[in-house]
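Heavy atoms only: backbone and side chains are in, while hydrogens, waters and symmetry mates are out.
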Number of protein chains: 2
Amino acid sequence: MQSLIEIQQQLLPDLLVVMRKRYLILRQVMLSDMIGRRTLAASLDMTERVLRAETDFLKAQELLHIDAAGMRITEAGKRLMEKMEPFYKTMFGLSELEERIRKHFGLKQVVIVTGDADESPHTKRELGRAGCAVLSKAMQKDDVIAVTGGSTLAQVANQLTSHTPLKGNWFVPARGGLGESLDYQANTIVSTMAKRTGAQYRMLHVPDHLGEEAYTSLMQEPNVREIVEVIRKARIVIHGIGDAMVMARRRRVDAAVVDALKAEGALAESFGYYFDQGGAVVHKMLTVGLRIEDIMETEVVIAIAGGRSKGEAIAAVMRFGHDDVLVTDEAAALEIAAIIDKEEQTA
Amino acid sequence: MQSLIEIQQQLLPDLLVVMRKRYLILRQVMLSDMIGRRTLAASLDMTERVLRAETDFLKAQELLHIDAAGMRITEAGKRLMEKMEPFYKTMFGLSELEERIRKHFGLKQVVIVTGDADESPHTKRELGRAGCAVLSKAMQKDDVIAVTGGSTLAQVANQLTSHTPLKGNWFVPARGGLGESLDYQANTIVSTMAKRTGAQYRMLHVPDHLGEEAYTSLMQEPNVREIVEVIRKARIVIHGIGDAMVMARRRRVDAAVVDALKAEGALAESFGYYFDQGGAVVHKMLTVGLRIEDIMETEVVIAIAGGRSKGEAIAAVMRFGHDDVLVTDEAAALEIAAIIDKEEQTA
DNA sequence: GCAATGCTGGACTCAAAATGTCCCACATGC
DNA sequence: GCATGTGGGACATTTTGAGTCCAGCATTGC
């Protein structure tokens, strides 16, 4: 059964979307006994016209009965609902999760792939693939796309393709270099992405973490300045999310700062900033790269991260509230949902 | 699994059509090893442009590899085909049958509903439903629709509906009265159909079978003449199909004629004519109703009949070659397919 | 019995997607 | 090197989809 769904997903990706839509309409009608089009549209968050097209269809299938008094479900419709019950969760569980998380954080879109990126490399690859799809859709002509480092972003870079090379697009690193391995450096990822899509790119050959003095002098450099200006006006940002402590270690932040982070409850790290549980920035660093105020003005901010262990960190960054799209995996999504649950209970 | 497919067939028949289309493209590409767009379009009976839209999609899904030399299926595509194999028949078996029969008899459309009308009243009802759908789609403004008698047509009549009453349409009986029960009389059916759709109707109060003398004198009658003229210019004809001997008995044809029919190999009866295995008319009767030459000029001829026992008769009438649409059931369709098989083997 | 409300379905407009048609540059095999 | 067949770009046109209103009708509450 699962296998049939997988096949169908490949052959017509929006099958489940349509199916879910029709199912929800039918269910809502069933629960409402008798209901009008406008009321139904409102309760399902659809425009009247779209709903109408669907109800016309369901009527033609004789799953719905429509007359001047309103709509009600037919016997055949009820039977269909019953038969569908056992499939619902496997089929739409993820869509349900996506919608839940999307609404809770006020995002534009949430994409969840099956599995746990912590455990399976396959899931990590799928995560990358999903990220590519989202990014490709967001890209337009002559865009500047700022990219962070990390293994997940590297995964995205390795799978990015473009049918038609758009020379007008620029990939730039969001921040300077970290102490990470070369493969996961923002610079490396940026160059891979550009090469794979036939786009242009610029690198930022500067350490990410700087003292005030170094910062001022670097920003005097014309060629640094120039690229930084490009970075700060990026229309799209795509970034990973990490655990605060893990990242601090990887960045070789000194012990005093680590203690400070701990004290302030830093949970997550993303594009160089540290966030606490409530999504507040607990640690700011002077950077030549993308600053928090740039992010706030970026048109499309895409977060991509997966794995059960990252759930908490992802929730923290989402709460920060300036992301538009979240790409994650099932394990992380379930963690996030649990956090939402807990919060809603105490509230 | 079976059940999931049934659900989908109800909830998204439109998407399954798309799915089949994509499957067939992929299969054809696989079988052809490497093939070009135009060649492929020709072998699949599609226009180049729609095929292109589909191949672009399949390429994006990485199921198809396209380069300057042509297209070939990818590894992922092959795997998909394999995984799909076991589902294909349950999902598209009927579509396949439809297409096969359609092509063989050169019809415009074939519709097959599941089941056997001989055995299950439910299938008979479904047959009627499908007939309604076809008829509704064919009807235009100010059409004249000629209708024959029979239980299947009665079933159609009882389920016909119209969203908007079109006063301009006329339903007329194709032929005069038979010795059948009132419910199955063409006149009765015509009146039901007209009432249910808000259309007009005329009846033909004349016995179907006439001697030459009676014919001539009846045709002198102005009011008979008038309605006969309307009948003969019908744009749509919808008719049932019966077994020749059963119909002859029901019509109380005299023994001599029955023997003649037998001798000539009459197999099927439809709109008052008897057909042999090859679709040739073996018995002509003088009629005030629709004549064979009128049928030949009718724009839309719809045949509707089901049940395993009718398979042979349906095939015979189809071979006659002036039908455009056939609505039948699975059992009859399988019979028809078997007949086609046999014939193709001897050929 | 009547007014008010809520319902569907038709109509219209506008935008977007699908489709039919050509043509060009290019690979490939003869 | 030529003929054939390939994908892909371009563009006009048709079809479809969607937003918005409103008329006509049934039901309900008074």
Side-chain angles (χ1 to χ4, degrees), chain A residues 12-14 17-18 21-22 25-26 28-30 32-74 77 137 140-141 161-168 197-198, chain B residues 12-15 17-19 21-22 25-26 28-29 32-74 77 136-137 140-141 161-168 197-198:
Chain A
L12 25 122
D14 51 1
V17 176
V18 178
K21 181 165 65 176
R22 290 181 183 166
I25 293 173
L26 220 45
Q28 191 65 29
V29 172
M30 183 166 64
S32 314
D33 216 57
M34 163 120 359
I35 190 172
R37 198 204 304 146
R38 273 173 276 267
T39 324
L40 186 57
S43 79
L44 286 167
D45 252 329
M46 306 174 94
T47 67
E48 199 187 319
R49 196 61 182 72
V50 177
L51 175 68
R52 188 170 163 184
E54 294 301 335
T55 53
D56 283 352
F57 167 85
L58 291 171
K59 180 187 175 190
Q61 293 294 111
E62 299 198 35
L63 298 170
L64 219 55
H65 175 80
I66 306 185
D67 64 17
M71 321 184 240
R72 57 168 68 246
I73 195 165
T74 63
K137 211 174 120 199
Q140 294 173 2
K141 222 180 153 77
T161 48
S162 174
H163 33 295
T164 161
L166 262 189
K167 289 229 154 201
T197 56
Chain B
L12 18 108
D14 45 349
L15 293 196
V17 172
V18 177
M19 189 160 167
K21 181 165 64 178
R22 292 182 179 162
I25 293 172
L26 218 45
Q28 191 65 30
V29 173
S32 312
D33 217 57
M34 163 126 345
I35 192 172
R37 198 207 302 148
R38 277 172 271 267
T39 323
L40 186 57
S43 80
L44 286 168
D45 253 329
M46 306 174 97
T47 67
E48 197 188 320
R49 197 61 182 75
V50 301
L51 174 68
R52 187 170 164 188
E54 295 302 335
T55 53
D56 282 353
F57 167 84
L58 291 170
K59 181 187 173 189
Q61 293 293 106
E62 300 195 40
L63 298 170
L64 218 54
H65 175 78
I66 304 185
D67 65 19
M71 326 186 235
R72 57 167 72 243
I73 194 166
T74 63
S136 301
K137 211 174 120 197
Q140 294 172 2
K141 222 178 152 79
T161 47
S162 173
H163 33 296
T164 160
L166 262 188
K167 289 228 154 202
T197 56

remark   = Output for pair (A/Arg72 CZ, A/His65 NE2), nearest 0.5 Å, gives 7.5 Å
key: A/Leu26 versus A/Leu64, closest heavy-atom pair with distance   = CD1-CD1, 3.5 Å
ask   = Whole Å only: how far is the CE atom of A/Met34 from the C1' atom of C/dT8?
value = 12 Å
task = List the steps, then state whether side chain to side chain contact (heavy atoms under 4.5 Å, CB included) holds for B/Arg49 with B/Arg52.
result = CA-CA 5 Å; B/Arg49 197 61 182 75; B/Arg52 187 170 164 188; 4.2 Å; yes
note = Overall bend of the helix from C/dG1-D/dC30 to C/dC30-D/dG1 (five pairs an end, 10° steps) is 40°
inquiry  = How many whole angstroms separate atom CZ of A/Arg72 from atom P of D/dT27?
reply    = 11 Å
Shortest non-hydrogen separation from B/Leu51 to B/Arg37 and the atoms involved = CD2-O, 3.3 Å
Filtered N/O pairs between nucleotides 28-30 of chain D and protein, under 3.5 Å:
none

ask   = If only side-chain N and O atoms of B/Lys59 are considered, is one of them under 4.0 Å from the OP1 or OP2 phosphate oxygen of D/dG8?
value = yes
Polar pairs (N or O, both sides) under 3.5 Å between protein and nucleotides 4-7 of chain C?
unit_1 : atom_1 : unit_2  : atom_2 : d
C/dC7  : OP1    : A/Gly36 : N      : 3.4
C/dC7  : OP1    : A/Thr39 : OG1    : 2.8

query = Can you tell me how far the CG atom of A/Asp67 sits from the CE atom of A/Met34, to the nearest 0.5 Å?
reply = 5.5 Å
query = Do the non-hydrogen side-chain atoms of A/Arg22 and A/Val18 ever get within less than 4.5 Å of each other?
reply = yes
request  = Identify, with sequence neighbours excluded, every residue that meets salt bridge (charged side-chain N to carboxylate O under 4.0 Å, His left out) alongside B/Glu62.
outcome  = none
Between the protein and nucleotides 18-21 of chain C, list every N/O to N/O distance that falls short of 3.5 Å.
unit_1 : atom_1 : unit_2  : atom_2 : d
C/dG20 : OP2    : B/Thr47 : OG1    : 2.3
C/dG20 : O6     : B/Arg49 : NE     : 3.3

query = Which of these passes side-chain contact (heavy atoms from CB on, under 4.5 Å) with B/Leu63: B/Leu58, B/Ile25, B/Val29?
reply = B/Leu58
What donor-acceptor contacts under 3.5 angstrom involve side-chain atoms of residues 38-46 of chain B, with partners at least two apart or in another chain?
unit_1  : atom_1 : unit_2  : atom_2 : d
B/Arg38 : NH1    : B/Glu48 : OE2    : 3.1
B/Ser43 : OG     : B/Leu40 : O      : 3.2

remark   = For A/Thr55 and A/Met71 the tightest heavy-atom approach is CG2-SD, 3.6 Å
remark   = Closest heavy-atom pair, A/Ile35 versus A/Ser32, reported as atoms and distance to 0.1 Å, is CD1-OG, 3.6 Å
note = When rounded to whole Å, the CD1 to P distance for the pair A/Ile66 and D/dT27 reads 16 Å
